[in-house]
Amino acid sequence: MQDHDDNQKDAVRGRRQFLQCMAWAGAGTLWLMKGGVLQARALDGLAGDEAADASFSFVQISDSHIGFHKEPNPDVVATLRAALAKINAQPDKPDFLLHTGDLTHLSKPEEFDTLSGVMQEAKAAHTFYVPGEHDVIGDNGAEFFRRFGQRQSSGGWYSFDHRGVHFVGLVNVLNLKAGGFGSLGADQLAWLKKDLASRSAETPVVVFAHMPLWQLYPQWGWGTDDSAEAMSYLRRFGSVSVLNGHIHQIQQKVEGNITFYTARSTAYPQPAPGKADAPGPLKDIAPGSLQTYLGVREVRHVRGKQALAVTEEVLA
Amino acid sequence: MSGWRAWLRALALGVAALGAGPAAAGKAPAAKVEIKHFAFAPEVLTVTAGTRVVWTNRDDEPHIVVSAGNRFASSKAMDTDETYATVFDRPGTYAYFCSIHPHMVGTVIVR
Ligand SMILES: [Cu+2]
C-alpha cells in the first residue's frame, strides 16, 4: 500500500470517527447524506433529529419480483405496496427512490405493467431504475429500457448529480458469459472512467447496480466479473457507496473509502451465503413470519486500529 | 437429416414434450437433465446423435438453457417444473449455461 493512499484513508477515517450505519427494513432503506457520508436508517426507526441534520435522503428498494407467486410470499404486490406506504409515511420526504433491479420475475409485459402501476403509489417525485437479470429475459432488456431507461447511453447505464453527490447507475446483468458472473463490459467501463475523470476526489459518489459489485459469494454466482476495474476508478474518491440488490439480504463490506451494501428484497429472503444447498427463495420460515425476515437489522461500523471494523447487531 | 427436417422434428418433439409427455415422443431416444439447486445434473451428458435432450427445472427460480456460441436453440425462461427439449442430430460437444445464472454450466456430448 502506498503512503499516499494511507494518508488519504486516515484523513477520511478521521472525518468519520465513528460511522454508524444502520440498517434497514425489508421495506426499503432510507439513505441520509450527512457531510458527504451516506448513512442508512431503517424506515421504522428513524428519529426526527437524525433526519434533521442530513442534507438529503433517498430510499433504495430492490428485488420486487412481480410475477413471483410461491412460498414464502404468494403476494409480492402487497409487500411492495407495504414498502411504498412506509416510504410515503416518512415525515421527511426522500428526494427520490432507487430500485436496484429484478422489478419483475420473468420480464413479462404484464409484470412490468403491474410494477409501473404500483410504483405510481410512491409519493417521491422520481424513481431511478437499473435492471436485474430477471428483467432482461428474452430481449436483452429492450422492454425494460423502453419503460424505465434513462436513455443516456445505448447500453442503458447513466449518471446524474444531486445536491453535490454524483450518482451512477450501472448495468451488470447483460452479455453474461458461461461460467462467469455479472458483467459490466469494456464499453461501460470506458464510459465510467470518462464519467468519473472530471470529478474532484471530494465529490461523494453513489454507484448502484443490481448484482453485487464485489465477489461476495462466487460459489453462488454472487459477484461481477470486472467489478475490480470499476473500483480502480473509484478508489481516489473520499466517499464511495456502492448499492446493490440481487441477494435479498443485507451484506456489507468496507474497502478503503468504498463501502458496499446489498439491500433486502421487498418480495422474499434468500439464504445467507453457504447456508443452504443453493440460493433461491428461503421457504423454510414459520407461517406468518415473513415480515420478521424483512425486519430491522443494525450494522455498526466502528473505527478499528488499522481499518474500519464492522460489527453487526440484529435487532429482534 | 436436413436442417429443415431437423427443425420440423424438433418442433414436433417440443410440442410433444409440452403436451402428451414422453410417451408421445416417437422413436427418438430421450435423455434427461434435471435442473436442481442451481446446477445441471448430469453436468456432462453423453448421448448418441438423434437424441432428444429434455431439461426440467426443479428449482423455485427460473432458469434458461443457452448454448455457448449459439450452436443450438435457447430455451425460454423455464419456471418450476417446466421443461425444454431439443434434438441433437450432429456429433459434437455442446457447452451451455443459464443466461441469468451464468455460473451454471453444462455440456452435451453427442457421439
Ligand atoms: Cu438459472
Which one of A:P218, A:S183, A:G179 has the most heavy-atom pairs closer than 4.5 Å to chain B? A:G179
By a 4.5 Å heavy-atom criterion (distance strictly below it), what part of B:I100 contacts chain A: side chain, backbone, both, or neither? both
So do B:I35 and B:W55 actually touch side chain to side chain, heavy atoms under 4.5 Å? yes
At a heavy-atom separation under 4.5 Å, does A:Q219 approach chain B through its side chain, its backbone, both, or neither? backbone
Taking NZ, NE, NH1 and NH2 as the nitrogens, is one of them in A:R81 or A:D75 under 4.0 Å from a carboxylate oxygen of the other? no
Are A:H248 and A:Y268, when compared by the centres of their aromatic rings, separated by less than 6.0 Å? yes
Lys/Arg-Asp/Glu bridge criterion (N-O < 4.0 Å) met for B:E34, B:K32: no
Could you look at B:D60 and say if it's the side chain, the backbone, both or neither that has a heavy atom under 4.5 Å from chain A? both
Side-chain ion pair, B:R58 and B:D81, N-O less than 4.0 Å: yes
If you tally heavy-atom pairs under 4.5 Å against chain A, which of B:M104, B:H103, B:H37 wins? B:H103
Heavy-atom distances under 4.5 Å only: say whether A:L176 touches chain B with side chain, backbone, both or neither. both
A:D139/A:R146 ion pair, N-O < 4.0 Å: no
Measure A:K177 against the heavy atoms of chain B and call it side chain, backbone, both or neither at under 4.5 Å. backbone
